Amino acid sequence: MKDRKENRDRTAKKRRRVGGYTGVRIRAALIFAFAAVYILSMFLATWVAQLGRRNDFAARTAQMEDSIWDQIRTDAREWDGNERDMLYAVLSSSALIHSTEYQSVSAAAYDADGALAAQSASLMTSGITDGDRTYLKSWDLTEYLSEAQLEELARCDAENYETHDYAGVTYQISAGYTEQGRNLSYICARRLFYSTEDARNATDAEKMQTWEIEGADHTGAERGTDDVQIALCDLWLPGMESGGTEGWHAWMENGYLHGYPEQRTQWKIGWQKEDGFTLKTEDSFVCADEKSGRPVYTIAVRSVEQPWKAAFDSMTHIYLWGAVLTIACAVFVLVMTEKVSRKKALLEERQKDFVNAIAHEMKTPLAVVRGFAENLEEDVNEEKRRYYLQQIVAQTEEMDGMVKEMIFLAGLEPGQYRPVKEQVSVRELLREITAAKEEQMEEKRIELSVRCGEDFIVEAEKRFLEKAFANLIENAVSYSRDEGTVTVSIERDRCVIENTGGHIPEEDLPRVCELFYTGEKSRGGREKHLGIGLYLADRIFRAHDLSMKIENTGSGVRVTVRSRR
């Protein structure tokens, strides 16, 4: 039995190293289930979040439409034949202001005949003075500068959107023009504000950059002349305000935002199209200044939106805390599952041991009963018949005692044991138990010594406590040598039972209270017990808030039962 137990222990340890009592498959299934729940829940949360982002984008587009309409209605009376420049300025400034990290917008204006009049662009504007009149002039920079020049100008403009230690712009943009702005001569970017160290080290060339327009008259590039006038300018580079040069590049490279047809007769209202994780939309509305009687313009507004990216970036902390919570729940479930599986495995092992032990213990008395029963079939004298019957009865009583022991053990299972406690005197209890063992002790000529100070009073159910102490006295008497001594000492918070006999092997001491554990050989050289007595006693004591300690002494074995309170 010990060899089988050791083999099971080795197998269990090997299994626990790999997958514990739960098993690799169940653990993997649980981990996969939690991972699937996490991914699904985060996907659904992101899906809901991106729906909200879509509503935000739609609201921002509507805000842009209202802004364009208000500017056109407000500025229309000042157009005076300058509609194209004003439209370019309104549409480009609106694209700059309303473009965000996750939404790029543009707009185009069509006249009453459906011809493209203006659209959002990388624009430069300035106030041009013509006599007593000042009007707005717009230049589409892509028509005047090369890609490299436009890139340099954009880098200068990007610094105007950065945070500085001082107020105001970093670069002041100016332009030289001729013929009331119809011809652009050059563009100049002058650095106005430096930190102290930058101002000390900067050269004049670094403080001002000038880009000459190819094929233009560059006379008076540094100061105005009668032919070339100089004016301060504003830059409208869509995407620059929210994303710097990268945002502007993204806006410039998106063909959908610039691909307005030159002529159109049909308009899209509330149109949208999914392109992977990108949403493209277009809307249109008609605006006109009724007071001035200006031509009716139809404004088309396009938007390129990234609701999924916006939702994903906004939920980074939710993903993190969701992962932490999922891992915590997974660990908790795995630990609880492992405990349940361990309890189940131990119960199964206990049941196997129970069956094996019962089969082993029942085999001998059944064989004896069968042998004596077969002898009774022969013609034997009355004395032998009486002896055979006595042996049969004795063996059946032994088996009956085993069955009662098993039933008693089953009554201690968790959920079934409901003790009805009362104050029990250990001194009186042991007096009754030792009195019942007087005949057995006389046969072995064992001397019983009882020393009692203050009585040990325990709150317990008497029948269970009596069973526990009876098992201890039974072991003390059974394993005591002939003409030995059993000593019982009682104090206020403890009871000590000692006997003179063989020692328990040191390797068996930690396991003597395990169910069905009897060691390789009992101290008397043969297996005398089923291995339940000490297990029962330990279970009963623990249920009544008592502890039991078993140790070897110089002359035998000592068992100490004490209160934990």
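Remember, predicted model here, so these are calculated numbers, not experimental data. Reckoned from all heavy atoms, side chains included, excluding hydrogens, waters and symmetry mates.
Ion pair Lys309/Asp313 flagged as a salt bridge, since at least one NZ, NE, NH1 or NH2 atom sits closer than 4.0 Å to an Asp/Glu carboxylate oxygen. Between Glu274 and Arg54 a salt bridge is recorded (basic side-chain N to carboxylate O distance below 4.0 Å).
Remark: Ile446 CD1 to Glu438 CD distance equals 12.5 Å, nearest 0.5 Å. Of the inter-residue distances, the one linking Gln395 atom CD with Glu397 atom CD reads 10.0 Å to the nearest 0.5 angstrom. With rounding to the nearest 0.5 angstrom, the SG atom of Cys495 is 5.0 Å from the CD1 atom of Ile490. In this structure, the separation between CZ on Phe456 and CZ on Arg492 is 9.5 Å, given to the nearest 0.5 Å. Taking CD of Glu282 as the start and NZ of Lys268 as the end, the distance is 5.0 Å to the nearest 0.5 Å.
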Pair up each side-chain donor or acceptor in residues 425-436 with any protein partner under 3.5 Å, not counting sequence neighbours, and list the distances.
residue	atom	partner	partner atom	Å
Ser425	OG	Glu428	N	3.3
Ser425	OG	Asp455	OD1	3.4
Ser425	OG	Asp455	OD2	2.4
Glu428	OE2	Arg431	NH1	3.3
Thr434	OG1	Leu430	O	2.7
Thr434	OG1	Arg431	O	3.2

Acceptor/donor pairs from residues 366-374 side chains to any protein atom, 3.5 angstrom cut, sequence neighbours excluded:
residue	atom	partner	partner atom	Å
Arg370	NE	Glu374	OE2	3.2

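Remark: side-chain polar atoms of Ser67 are not paired, donor with acceptor, to backbone N or O of Gln63 under 3.5 angstrom. Judged by distance alone, with hydrogens and angles left aside, the side-chain atoms of Asp493 form no donor-acceptor pair with the main-chain N or O of Ser563 at under 3.5 Å. At least one donor-acceptor pair under 3.5 Å links the side chain of Thr500 to the backbone N or O of Thr485. With hydrogens and angles disregarded, no donor-acceptor distance shorter than 3.5 Å links the side chain of Lys444 to the backbone of Glu483. Between the side chain of Gln50 and the main chain of Trp47, a donor-acceptor pair closer than 3.5 Å is present. The backbone N or O of Glu461 lies less than 3.5 Å from a partner atom in the side chain of His544, making a donor-acceptor pair. Using modelled atom types, no side-chain atom of His98 and backbone atom of Thr61 make a donor-acceptor pair closer than 3.5 Å. A distance-only check finds no donor-acceptor pair linking the side chain of Glu305 to the backbone of Gln103 [under 3.5 Å]. His258 places a side-chain N or O within donor-acceptor distance of the main-chain N or O of Trp251, the cut-off being under 3.5 Å. For Ser480 (side chain) and Gly501 (main-chain N/O), no donor-acceptor pair under 3.5 Å exists by modelled atom type.
In the displayed structure, Arg564 atom CZ is contacted under 6.0 Å by more than 12 heavy atoms of other residues, nucleotides or ligands. Around atom NZ of Lys437, more than 12 heavy atoms belonging to other residues, nucleotides or ligands sit under 6.0 Å away.
In this structure, Tyr319 has its ring center closer than 6.0 angstrom to the ring center of Phe312.
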Practice item. Assess whether side-chain contact (heavy atoms from CB on, under 4.5 Å) is satisfied between Asn499 and Thr487, documenting all intermediate values. Key: CA-CA 6 Å; Asn499 73 330; Thr487 303; over 6 Å; no
Exercise for review: Could you go through the ring-ring contact (aromatic ring centres under 6.0 Å, His included) check for Phe541 and Phe469 one step at a time?
Suggested key: CA-CA 9 Å; Phe541 289 143; Phe469 277 109; 5.3 Å; yes
Point to revise | Pair Trp308-Thr46, side-chain contact (heavy atoms from CB on, under 4.5 Å): steps then yes or no | key: CA-CA 7 Å; Trp308 285 99; Thr46 306; 3.8 Å; yes
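Residues meeting the side-chain contact (heavy atoms from CB on, under 4.5 Å) test with Gln272, sequence neighbours left out: Leu279, Thr281. Contacts of His249 classified as ring-ring contact (aromatic ring centres under 6.0 Å, His included), with partners at least two apart in sequence or in another chain: none. Every residue meeting the side-chain contact (heavy atoms from CB on, under 4.5 Å) condition with Glu506, not counting sequence neighbours, appears here in chain and number order: Leu509, Asn552. Under the ring-ring contact (aromatic ring centres under 6.0 Å, His included) criterion, Trp248 pairs with no residue, sequence neighbours left out.
Defined by atom type and a distance below 3.5 Å, a donor-acceptor pair is missing between the side-chain atoms of Glu101 and Ser242.
The closest side-chain heavy-atom distance from Thr560 to Arg562 is below 4.5 Å.
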